[in-house]
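Just follow the structure's listing: the first ligand is 1, and inside any ligand the first atom is 1. All of these numbers come straight from a predicted model, not from anything done at the bench. Note that the numbering runs from 1 along the sequence shown for the chain.
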Amino acid sequence: MIKAITGTKDILPEEIPAWKIVEGTVEKIFKNFNYKEIRTPVFEETFLFARGIGEETDIVSKEMYSFVDRSGNSLTLKPEMTASVVRAFIEHSLGKQQPLNKLYYISPMFRQERPQAGRSRQFHQFGAEAIGSDSVYLDVEMIQMAYEILKSLGLKDLTVKINSLGIPESREKYKVKVREFLSDKKDKISEESRKRFDKNILRIFDSKDENDKRIMKNAPLILDHLDNESKESFEVVKKTLKMSDILFEVDPYLVRGLDYYTKTTFEIISGKVGSQNALCGGGRYDFLVEQFGGLHTPAVGFAAGIERILLACENEKSLKLPEEKIDLFIAKLDDSLSQKVFELALFFRRKNLSVEYDYLERSVKAQMREANRLKARFVLFIGGDEYKEGVANLKNMETGEQKTFPLDKFELVSDLLI
Ligand code: AMP
């Protein structure tokens, strides 16, 4: 039997209503904050992600779905959106049209991670990027939007964690301090962390190894090594978050896996989804646009994983799913009336009603079972003596009440249904 690829998942009709609620909430809240949707291709040149996200990050070094196409180009299925949005921003000179571009997206992403609860190989993110301002209020806006979306989905068990990674100069100086701190402990840290020591030393803070964690508890903290500019902006972030009634924790160990972040970074954690508990993450990236060849353009963004959010919603039982109903089921008492039923269904469907009828030549009893299963609000019976007399019965399934209509006056029926 052919099966879906490991780490990918079909989203079946019964799961769609929850997805629609998430997508609708995301769209509504981004609209409230005046973000405009952007859609970019599913694949890009491999170089874009390698350069943008950073060669030494987990995503680029281990997880990308890269392939060579028939023309010999190395292409990659997008593992995240920021690099693609920045590419589109530069390519279409969006910065010339308006100084600040506030953009959002909802899109599948692809990473070849080890499949486990909370980690799949095709997953979906929504997120936002504000490109063109270094206003710290945009940093807070990102956290607010993410928080409002999660709250609107009924989630309660949330923790907002914030940190500042400083500007590149202060971060480089800080990395030297961490290197000094670890230089005599290199043989005590895990093999994975030893690799990170040379390539991406701050990622050692993300190590899941208990011994590494114990060692890193005593490491110098980035917040004690911030430049003044980053320190001041971090103070404003904290003050403004308090003003917005968002409880947060300062987490000096929050370094995030991607290279391009500067100053504010944040994550929102759920207490209800197991070990892969980050629902979303983001931060400022003031140098990515120029790194891709654009003008210096400060920016900030975040991305959230829809599957993890849905898992949190399920575990917190927070979503009120709408009851799926149809307006009308047309039951035929006689198979010779198939053509008539087909015509009637089209008539009512064109009146913007949701209509179903039987295609399987089932008995009237079975058709009624189907009408009940579909939670039809009304059933129209076509056939029998009534049909010969030029009328049909309409049954209101909620009240049980029945009405007779002339077959040539069906506008009356549709008026009743609306
Ligand atoms: P990142 O782009 O790595 O900062 O991830 C942002 C969010 O996307 C995470 O907080 C998760 O909710 C989600 N996410 C990242 N990787 C995966 C994955 N492999 N499977 C499912 N969700 C993911």
Side-chain angles (χ1 to χ4, degrees), residues 4-11 15 19 22-23 26 40 44 48-49 52-54 56-65 76-86 104-129 142-143 145-147 149-150 153 155 157-163 165 200 202-203 205-206 208 251 254-262 264-285 288 299-315:
I5 307 289
T6 307
T8 71
K9 197 177 151 301
D10 301 306
I11 304 166
E15 299 169 77
W19 280 78
V22 173
E23 288 161 2
V26 165
T40 65
E44 300 264 3
L48 175 79
F49 301 116
I53 302 170
E56 304 306 340
T57 57
D58 283 357
I59 293 182
V60 174
S61 63
K62 303 197 278 215
E63 298 168 2
M64 290 206 304
Y65 274 106
T76 294
L77 302 182
K78 58 185 169 188
E80 58 109 53
M81 269 294 271
T82 304
S84 301
V85 173
V86 167
Y104 84 88
Y105 58 84
I106 304 178
S107 174
M109 303 292 160
F110 307 87
R111 295 183 195 173
Q112 192 164 6
E113 302 200 66
R114 192 169 61 78
Q116 52 179 296
R119 270 193 199 283
S120 37
R121 292 180 166 177
Q122 174 173 341
F123 59 98
H124 297 76
Q125 288 185 336
F126 63 81
E129 316 287 350
M142 292 296 153
I143 302 174
M145 288 191 294
Y147 193 72
I149 290 169
L150 299 174
L153 294 172
L155 294 178
D157 193 345
L158 300 172
T159 309
V160 178
K161 293 188 171 186
I162 59 169
N163 191 18
L165 296 180
N200 193 353
L202 297 190
R203 290 278 282 128
F205 283 105
D206 285 345
K208 298 270 181 277
D251 178 357
L254 181 69
V255 292
R256 312 262 312 125
L258 315 179
D259 270 3
Y260 50 61
Y261 286 118
T262 48
T264 315
T265 56
F266 75 95
E267 272 185 3
I268 303 182
I269 306 293
S270 163
K272 292 283 189 291
V273 292
S275 68
Q276 301 301 321
N277 58 3
L279 298 186
C280 73
R284 184 159 275 289
Y285 52 95
L288 192 60
V300 59
F302 82 93
I306 299 183
E307 283 82 354
R308 274 191 215 172
I309 291 173
L310 284 171
L311 182 65
C313 290
E314 203 179 308
N315 291 344

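Of all the atoms in ligand 1, the ones that sit under 4.0 Å from a non-hydrogen atom of Ala303 are 6 (C), 7 (C). Residue Gly118 has at least one heavy-atom neighbour below 4.0 Å for each of these atoms of ligand 1: 20 (N), 21 (C), 22 (N). Shown in contact with Arg111 at under 4.0 Å from a heavy atom are these atoms of ligand 1, numbered in order with element: 1 (P), 2 (O), 3 (O), 15 (C), 16 (N). Close approach to Glu113 involves these atoms of ligand 1, each under 4.0 Å from a residue heavy atom: 16 (N), 17 (C), 18 (C), 19 (N).
Ring-plane geometry between His124 and Trp19 is classed as perpendicular, the angle between the planes exceeding 60 degrees on a 0 to 90 degree scale with a lower cut at 30.
The closest side-chain heavy-atom distance from Val160 to Ile143 is below 4.5 Å. Looking at heavy atoms from C-beta onward, Arg203 lies in side-chain contact with Asp58 at the 4.5 angstrom threshold.
Listed by first and then second residue, the salt bridge (Lys or Arg N to Asp or Glu O under 4.0 Å) pairs involving residues 117-128 are Glu113-Arg119 (not counting sequence neighbours).
The number of heavy-atom neighbours closer than 6.0 Å to CD of Glu314, taken from other residues, nucleotides and ligands shown, is 12 or below.
No side-chain donor-acceptor contact under 3.5 Å links Thr82 and Tyr285.
In Gln125, the part holding a heavy atom less than 4.0 Å from any atom of ligand 1 is the side chain.
Checking only distances, Glu80 never comes within under 3.5 Å of ligand 1, N or O to N or O. For ligand 1, the polar-atom distance check finds an N/O of Gly305 within less than 3.5 Å of one of the ligand's N/O atoms. Backbone and side-chain nitrogen or oxygen atoms of Ile59 are examined, and none is located within less than 3.5 angstrom of a nitrogen or oxygen of ligand 1. Of the N or O atoms in Ala278, one or more lie within a sub-3.5 Å distance of an N or O in ligand 1.
Judged by distance alone, with hydrogens and angles left aside, the side-chain atoms of Lys9 form no donor-acceptor pair with the main-chain N or O of Ser120 at under 3.5 Å.
Distances from ligand 1 to the non-hydrogen atoms of Glu307 include no value under 4.0 Å.
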